[in-house]
2 protein chains.
Amino acid sequence: MRTDERIVRAMAELLRVQGYAATGVNQLASAAQAPTGSIYHHFRGGKREVAAAALRQTGAAYIRLLPLLLDEHDDLATGIEAAFAAAAADMRDTGWANMCPVGTVVGEVADTEPLLREAAAEVMEHWVAEGVRYLTGRGLPENEARDVTFALLTALQGAFTMARALRSTEPFLAAGRTVAAYVAALGPPARSAAVRGRSADRQ
Amino acid sequence: MRTDERIVRAMAELLRVQGYAATGVNQLASAAQAPTGSIYHHFRGGKREVAAAALRQTGAAYIRLLPLLLDEHDDLATGIEAAFAAAAADMRDTGWANMCPVGTVVGEVADTEPLLREAAAEVMEHWVAEGVRYLTGRGLPENEARDVTFALLTALQGAFTMARALRSTEPFLAAGRTVAAYVAALGPPARSAAVRGRSADRQ
DNA sequence: GTCTATAGCGGGATAGAC
DNA sequence: GTCTATCCCGCTATAGAC
């Protein structure tokens, strides 16, 4: 892997576990198996710029999971509940350490690091756009798709935080149940028709 | 106000805006209008101990808002939507700076500062217990009350994060709409009976 | 108890050899 | 482009005058 890629990946890992301020450049360098100077060679903006790149990369990877997880289930509500359960299992299996780095960094430095706040905002706008696109594709009207997208994203972010502190999967499972129930109550007939359409599109 | 109280309050403020790692002891001292040494006089555990006290104090204050906001409305779903709208307005009016310090600190140091993680866990356990107590008081069965409590808390935490990055009230408003709709779908007749009972209790 | 001065350390960033 | 040595600053924490 290229040096700059290793640096970005290492930063993403460290952000997930210990946040931005606590992550030192030297720690980052040794985690990336690169000398300190290489960081400034590849990223002239230093630590800030590496973190911004890590947020964009991680954010893009996260939202790719949405169709991967939800396409598995013909019923959208079932898929949502399963996605929360998967996130809960991952969190538990990694020792409650793997937060979403985007959320962590926003909490830390949204008001003190404009570059990072902007990167986080772009990532989240992308999440919302992709969520709406996916859910309208599964038959939800635009305004409902937007509400459900925000419901999913806020519940996930909050569940990461609560699960990490409580060391329990319950925040994920309970939040997943309620979002799924909300979606199920929206209008099952319209949605199953949409699912049929979606499956047809692929064949 | 006593010196130690000023210190705890200043720490809570700083945690909300810039997190734990970025908050220095000297900055804390000047914000509390106290000399550096006073911090170690009142809190022998230093910065860590001040932060733990700030989390407990803020956490207790936050959960007191729950009945204050929801008692205003006879219909529970309406009250929930209004509470999210109030949180959104507060966030906007403070320049998108006022996160929940408990969530921020968890993201930063849950795996590196055991004392703070434990303080956050205690605070959140208290939130859950109070949420369940309040909602069962308004007529929800225990298991539903627990799910709704987690739905409220995770959505709020996540909405703080997204609203701060996006500088938009939409995460709060959209999440509030969905949680309210979920509650409204649970069983309106049982709940309005409970509301009548609650009002009667007060007179 | 209140406050000042400072120790001791680790941070981010840089210069320059190779 | 890779790596080392080092600068300078700010941090936490403490010692000790008042």
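Please read these numbers as outputs of a predicted model, since none were measured by experiment. Chain letters run A, B, ... following the sequence lines, proteins first and then strands; every chain starts at 1. Just so it is clear, the values below take in all heavy atoms, side chains as well, and ignore hydrogens, waters and symmetry mates.
For A/A165, the side-chain contact (heavy atoms from CB on, under 4.5 Å) partners are B/V106, B/A120, B/M124, not counting sequence neighbours. Partners of A/L156 according to the side-chain contact (heavy atoms from CB on, under 4.5 Å) rule, which considers only residues two or more places apart in sequence or in another chain, are A/F84, A/A87, A/F172. Partners of A/T78 under the side-chain contact (heavy atoms from CB on, under 4.5 Å) rule, at least two apart in sequence or in another chain, are A/H73, A/D75. When the side-chain hydrogen bond (donor to acceptor under 3.5 Å, both in side chains) test is applied to B/T36, the partners found at least two apart in sequence or on another chain are B/N26.
At its two ends the helix from C/dG1-D/dC18 to C/dC18-D/dG1 runs along axes set 0° apart, each axis drawn from five pairs and the angle rounded to 10°.
In this structure, A/I39 atom CD1 and D/dT2 atom P are separated by 12 Å, rounded to whole Å. In this structure, the CZ atom of B/F43 is 16 Å from the P atom of D/dT14, given to the nearest Å. Atom CD1 of A/I7 and atom C1' of D/dC3 are 12 Å apart (whole Å). Look at CD on B/E49: it is 15 Å from P on D/dT12, rounded to the nearest Å. Following rounding to the nearest Å, A/R6 (CZ) and D/dC3 (C1') show an atom-to-atom distance of 13 Å.
Each salt bridge (Lys or Arg N to Asp or Glu O under 4.0 Å) pair with one or both residues in residues 25-36 of chain B, not counting sequence neighbours, would appear here, but there are none. Listed by first then second residue, pairs satisfying salt bridge (Lys or Arg N to Asp or Glu O under 4.0 Å) with a partner in residues 158-168 of chain B read A/D111-B/R164, not counting sequence neighbours. Applying the salt bridge (Lys or Arg N to Asp or Glu O under 4.0 Å) definition to pairs two or more places apart or across chains, those involving residues 24-50 of chain B are B/R48-B/E113.
Checking the phosphate oxygens (OP1, OP2) of D/dT14, no side-chain nitrogen or oxygen of B/H41 falls inside 4.0 Å.
Residue A/A121 comes nearest to B/L166 through the heavy atom pair O-CD2, 3.6 Å, listed as atom of the first residue, atom of the second, then distance.
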For nucleotides 11-17 of chain C, tabulate all protein N/O to nucleotide N/O atom pairs closer than 3.5 Å, reporting atom names and distance.
residue	atom	partner	partner atom	Å
C/dG12	OP1	A/T23	O	3.2
C/dG12	OP1	A/V25	N	3.3
C/dG12	OP1	A/K47	NZ	3.1
C/dG12	OP2	A/V25	N	2.4
C/dA13	OP2	A/Y40	OH	2.8
C/dA13	OP2	A/K47	N	3.4
C/dA13	O5'	A/Y40	OH	3.3

